[in-house]
Amino acid sequence: MGMRWSWSRKNGNDQMTLKAYQADLHIHTLLSPCGEVEMIPPLIVEAAKMARLDLIGIADHNSCENAGSVMKAAEGSGIRVLPGMEVQSIEGVHLLCLFDSLDQAEALQEVVYKSLIKMAGNYLFTEQQFVVDSEGEFIRYCDKHIALPTSLDIDDVYKRVIDLGGIMIPSHIDRKSTGIIDVLAMIPESPDFDALEISLNTTPDQARENYPSVGTKPIIQNSDAHWLNAVGQRRTVFYLEHRNVNELKMACKGEGGRRVENA
Ligand SMILES: [Zn+2]
Ligand SMILES: [Zn+2]
C-alpha cells in the first residue's frame, strides 16, 4: 500500500525518473447495469484515494459515457484517470480498452455503439444505465444495449484500439464464458496483446501454470470493481516515467527499466 520507489539514471544526456504507480485499471461506474448506484465519480475518486491508487481506468461495458465525469472529478486529486471501456466482442470475450484522452475513447464508443447487437427480450437495462456528471448528479439514462456483445471480433476491436492509440488487454482471462481462454481455449498468438488480466480468483503463478498459452506475457490484476469497497482491492504496480498508455505499453515490454509488478 502506498509504496513509492523511484530512481534516476543517466541515459545519455537525459535524466529519466521512474516511479512506482499503483494502478487499478478496471473500474465500472453506475453506467454498467451490473454496477452499484454508489459508483459515482466523486466516490470512485475518493475510494481510489483511500486505496492510495495513482492511476485508474474507467471501463464500463461497451460505453465510456461516464469516463469524462470521473476524469473531471479527479482533477486536483493527483489521480490519473484513463478513460475507456470493456468491449464485449462477438465471441463474447471481455476486452479492457484504455486511452489517454476522452476523444479517443469516444471514437471507439462510436464504433461500438453502431455494432451493438440488439436481441429481442429483456436485454435492455435502460433504467439501470445512469449517465451522471462529475458530482454524480443524474443526467440521463443510456438507452444503448451495452450489456450485449458487439458484432466486432477480437481482431477488429484490437485493430481499432491500436489505431486510436489505445491499449487493449483481455479482461479476466480465467473467467468462465467472458474470459478469452474459456471462449477460445487458449490465448491466441495474434493479436499480440501487451498484457493479460486475471480475475481475483487466481494468482499470476497459478495462471501461468494452468494456462500455458499465457507464456511470458505480463499478467496484470485489477479490481473490476462494481462497488466502492472493491476499488483498489486488486492492483498492479507499474514503474513508469509518466502515467500514460504509451508508458504502460513500454512497461509491458520492459523498455528503459519500466516494468510491471504484481502487487
Ligand atoms: Zn468483464
Ligand atoms: Zn469489468
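In what follows, every heavy atom counts, from backbone to side chain, and hydrogens, waters and symmetry copies are set aside. We count ligands from 1, going down the list as the structure has it; atoms in each ligand are counted the same way.
Among the atoms of His61, no N, O or S atom falls under 2.8 Å of the Zn ion (ligand 2).
In His28, the N, O or S atom that comes nearest to the Zn ion (ligand 2) is NE2. With respect to the Zn ion (ligand 2), Asp224 has OD1 as its nearest N, O or S atom. Of all the N, O or S atoms in His172, the one closest to the Zn ion (ligand 1) is NE2. Of all N, O or S atoms in His94, the one lying closest to the Zn ion (ligand 1) is ND1. Nearest N/O/S atom of Glu86 relative to the Zn ion (ligand 2): this is OE1.
Annotation: side chain of Asn244 is in contact with side chain of Arg80 (closest heavy-atom distance under 4.5 Å). In this structure, the side chains of His145 and Ile117 stay at 4.5 Å or more apart for every pair of heavy atoms. Looking only at side-chain heavy atoms (C-beta outward), Val183 and Ile154 stay at 4.5 Å or farther from each other.
When only modelled atom types and interatomic distance are considered, Asp174 and Ser199 share a side-chain donor-acceptor pair under 3.5 Å. Inspection of the Asp182 and Ser177 side chains reveals no N or O donor paired with an N or O acceptor under 3.5 Å.
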